[in-house]
Amino acid sequence: MERTYKLDLQSINDAKDFVVAINKLNSEVDARYGVRVVDAKSMLGLLNISHCKPLEMTIYSDDENEISEFAEICKKYEVKKNDKQREI
């Protein structure tokens with residue numbers, strides 16, 4: 001199962017905090033912007049595309065607890081539909 005969230009990491013600190021948080025999960029997580037896809041658990045990979053806004057973060061897991069934990073992590077950075085200045 002996979003779940004995708006649209007996120008806006010506003011700073012290097014946001015990217016660092018996000019990477020630290022998701023590295024506690026056992027599941028694979030990808031970051032995507034257009035056709036560019038990187039391992040979201042890799043600080044270098046994420047920093048390579050973190051300037052792109054917004055990013056799609058996808059978790060691949062059958063563990064509902066991990067999916068719920070990932071959703072909680074994403075809430076802090078999630079692009080809201082009424083937040084026009086954070087969307088492209």
Side-chain angles (χ1 to χ4, degrees):
M1 174 183 329
E2 65 184 66
R3 295 268 169 83
T4 300
Y5 298 87
K6 191 178 285 192
L7 306 183
D8 183 3
L9 303 175
Q10 299 255 331
S11 66
I12 291 174
N13 282 336
D14 282 354
K16 177 187 68 78
D17 293 344
F18 183 78
V19 169
V20 167
I22 66 170
N23 268 294
K24 296 175 184 169
L25 305 173
N26 291 319
S27 303
E28 294 293 320
V29 180
D30 285 339
R32 174 186 307 272
Y33 182 79
V35 296
R36 297 171 68 186
V37 179
V38 298
D39 179 359
K41 290 184 173 185
S42 163
M43 186 60 156
L44 288 175
L46 193 57
L47 285 176
N48 194 24
I49 65 168
S50 65
H51 63 282
C52 303
K53 309 258 191 296
L55 296 173
E56 291 182 356
M57 299 290 180
T58 303
I59 185 170
Y60 303 92
S61 180
D62 291 325
D63 183 337
E64 287 296 328
N65 291 328
E66 288 229 339
I67 292 171
S68 294
E69 191 172 342
F70 183 70
E72 283 300 312
I73 294 166
C74 290
K75 279 184 183 179
K76 181 177 179 182
Y77 310 102
E78 196 165 19
V79 173
K80 307 292 185 221
K81 291 193 186 297
N82 61 354
D83 194 355
K84 295 296 182 194
Q85 72 186 80
R86 294 181 80 183
E87 289 191 58
I88 289 180

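This is a predicted model, so every value here is computed, not measured.
By the side chain to side chain contact (heavy atoms under 4.5 Å, CB included) test, Ile12 pairs with Leu47, sequence neighbours left out. For Ser42, the side chain to side chain donor-acceptor pair (under 3.5 Å) criterion is met by no residue, not counting sequence neighbours. By the side chain to side chain contact (heavy atoms under 4.5 Å, CB included) test, Asn23 is found to be paired with Val19, Lys41, residues two or more places apart in sequence or in another chain being considered. For Ser68, there are no side chain to side chain donor-acceptor pair (under 3.5 Å) partners at least two apart in sequence or on another chain.
Met57 is not listed as a side-chain neighbour of Ile73, based on a closest heavy-atom distance of 4.5 Å or more. Residues Leu46 and Leu9 are in side-chain contact: their nearest non-hydrogen atoms beyond the backbone lie under 4.5 Å apart.
In this structure, Ser61 OG and Glu2 CD are separated by 11.5 Å, a value rounded to the nearest 0.5 Å. Taking OG from Ser11 and CG from Asp17, the interatomic distance works out to 7.5 Å, rounded to the nearest 0.5 Å. Distance SG/Cys52 to CG/Asp8: 11.0 Å, rounded to 0.5 Å. Once rounded to the nearest 0.5 Å, the distance linking OG of Ser50 with CE of Met43 reads 8.0 Å. Rounding to the nearest 0.5 Å places CD1 of Ile22 at 7.5 Å from CG of Asp39.
Residue pairs satisfying the salt bridge (Lys or Arg N to Asp or Glu O under 4.0 Å) criterion with at least one member in residues 54-74, sequence neighbours excluded, are listed as follows: Glu72-Lys75. The ring-ring contact (aromatic ring centres under 6.0 Å, His included) contacts involving residues 1-23 comprise Tyr5-Phe70, Phe18-Tyr77, where partners must be two or more places apart or lie in separate chains.
Taking every heavy atom of both residues into account, Arg36 and Asn48 meet most closely at NH2-O, 3.3 Å. For the pair Leu55 and Ile49, the tightest heavy-atom approach, listed with the atom from each and the gap, is CD2-O, 3.5 Å.
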